[in-house]
Each structure stands twice: as structure tokens, then as C-alpha cells.
Amino acid sequence: MHRVLIVEDEESIRAGLTDLLDIEGYETAVAVDGQEAMEKVRQWHPHLVLLDLMLPKSSGFEVCRFIRKQHPEIFVLMLTAKNEEMSKIAGLEMGADDYMTKPFSVSELMARIKTHLRRAASSSAALEPDTLEFGDVRVDFKRYEAVRGKLHLDLSAKEFQILRYLAGRPGEVVTREDLLQAIWGYSVDNMPTTRTVDNQILKLRQKLEKDAAAPIWIKSVRGVGYKFDPEGSPGD
Ligand code: CA
């Protein structure tokens, strides 16, 4: 289910948007000021943020800048009052993906949200490869087959999924929370311990790496998560 964060300090608009999105089947969360918005982005990791420009504490611009820097994959749709038209260009320059002026047409807004999320879903699916080769390992994700040299590797479904997810984002750090959401389907307010992820990664390494204690393909990024190194370079 797609998660949409609604950032709006005006109660009536916030409530209206929440109802609309709930009805359309999105998972929603709200933030009433810029600080809370950044917290929620960090913790809840929405797919799309509806971002009001004029907010208490930190402005929509600041929130937008934060999202672009920390979570560039999140889609930002900025909402602004008509008399703030001037800031449209500034908003797009700041990295908003789209922009609507209040009062906006509800059906237009819904159509845009739907389009953006559909596009995001298809591009992230395209990221993940059907086959993968690194070192002497060959993996066919469609057939759930993996070999290392002549040795057949017995990977669980979860291990295949984790490897595919990491390999689809080569060199990119994937957090444990990302994996818990993407592979296990947990939502942020219902997360098990991230040890679940660490255990699976350890098993994967034991099967894929020459030395699971000094992995060259699936690397740890201390305090953050994991990344797949397509070069398999030692160290780091
Ligand atoms: Ca406002």
C-alpha cells in the first residue's frame, strides 16, 4: 500500500485530504509543522508527500530541501496558496516534483497522485534485475536458482528477495527499515527488531561470500544498513 504524508497546518484542509486519501485506499499520516514533517519522513518513509509551503517551525521549502537531500526517491507535491504564486518557480527549483495552487481541484489532485505513484511503482520494479552475476555466483531470480561455481546454492525465498532488492540498487545504502518494509511488508509503526534483517543478511553472506566475516559483495554500512557492491572490492 502506498504511504502518503500530508503536511498541512490548516486543520480543515488536513482533515479533508486525509479523508480523501483514506477513501482512495492510501495509507496516510499527517504532520502539522515542518519539524514534524521531517520526523515523519525519516520514521515513516512515505512514497509521496503533500507539502504545504507556509508552515510553522520549518517552511515547506526547508522540508523539501531535506527530502531531496536525504530521501531523493520520495515524490514531493507542493501545495501553495494562490497569493504565493511567486514561489512556484522557487518550489520547483527547491526540488518539488510537482506543484498545485490552493484552492485546488480535488479530482485533479487525486489524478496527479495516482499518476505519480503508478510511475514510481513501475520504475522501482524495473530496477530489480531478473538475473545477476558477480564473482563466480550466478542467480536467476525468476527461477529461484543460484549457483556458485558448480555448487548449487540453497537460498530461501526471502534471501532471493533481499539479494534482488540490494542488487537493484547497486552501491546504494539500503536501510534495515527499507528492507523490513519492502521484503517483509512491515509498516513503520509495526516494526519487528531489525535483527531479523541482520540474521538474513548473515545467512546470505554465508552462502554467497568466500568469507562471510569479510564480505566483499554485501557490505555493512555501520549504523545504517547494507549495500551491494557490484565490483566486489575488498574492505570498505
Ligand atoms: Ca499553511
Side-chain angles (χ1 to χ4, degrees), residues 1-124 172-173 175 177-178 180-182 185-191 224:
M1 199 196 265
H2 282 121
R3 295 180 297 279
V4 178
L5 176 64
I6 300 155
V7 185
E8 171 64 73
D9 57 325
E10 237 167 282
E11 224 253 295
S12 59
I13 301 179
R14 195 169 64 233
L17 287 172
T18 305
D19 285 349
L20 274 167
L21 288 159
D22 284 346
I23 290 166
E24 291 287 330
Y26 296 110
E27 201 178 328
T28 56
V30 297
V32 300
D33 62 54
Q35 291 299 326
E36 193 185 7
M38 290 188 264
E39 286 289 296
K40 290 263 165 86
V41 164
R42 228 184 337 247
Q43 290 167 5
W44 194 59
H45 212 267
H47 297 93
L48 186 145
V49 178
L50 284 180
L51 183 59
D52 182 29
L53 185 59
M54 303 301 279
L55 291 166
K57 297 192 185 170
S58 299
S59 74
F61 284 139
E62 277 174 71
V63 176
C64 191
R65 208 180 299 133
F66 165 81
I67 294 174
R68 280 291 78 91
K69 212 168 148 213
Q70 303 292 330
H71 303 278
E73 71 286 1
I74 297 176
F75 197 97
V76 178
L77 201 166
M78 226 176 225
L79 300 172
T80 283
K82 219 175 185 89
N83 55 7
E84 296 158 3
E85 188 89 57
M86 256 206 57
S87 38
K88 175 168 185 170
I89 293 163
L92 293 174
E93 272 177 359
M94 201 60 62
D97 297 287
D98 198 1
Y99 194 95
M100 282 186 86
T101 308
K102 290 188 245 180
F104 46 80
S105 135
V106 163
S107 53
E108 168 73 13
L109 178 68
M110 286 300 150
R112 289 203 200 177
I113 291 175
K114 221 170 271 180
T115 307
H116 297 319
L117 289 175
R118 199 169 40 221
R119 201 172 295 150
S122 64
S123 72
S124 83
E172 220 176 276
V173 181
T175 67
E177 289 76 16
D178 286 343
L180 284 169
Q181 285 178 29
Y186 287 107
S187 67
V188 168
D189 31 15
N190 181 30
M191 285 258 174
V224 190

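Start at 1 and go down the list; that is how both ligands and their atoms are numbered.
Legend: residues meeting salt bridge (charged side-chain N to carboxylate O under 4.0 Å, His left out) with E172, ordered by chain and number and at least two apart, are absent.
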Before giving the answer on side-chain hydrogen bond (donor to acceptor under 3.5 Å, both in side chains), spell out for H116 and D98 the whole-Å C-alpha distance, their side-chain angles and the decisive distance to 0.1 Å.
CA-CA 9 Å; H116 297 319; D98 198 1; 3.1 Å; yes
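Per residue D52, closest N, O or S atom to the Ca ion (ligand 1): atom name OD2.
Aromatic ring pairs are classed by plane angle as parallel below 30°, tilted from 30° to 60° and perpendicular above 60°; the pair H2 and Y26 is tilted.
Closest approach of D9 to P56, counting heavy atoms only: CB-CD, 3.6 Å.
Counting backbone and side-chain atoms alike, E8 contributes no N/O/S atom closer than 3.0 Å to the Ca ion (ligand 1).
Put simply, the angle at the Ca ion (ligand 1) from OD1 in D9 to O in M54 is close to 90°, to the nearest 10°.
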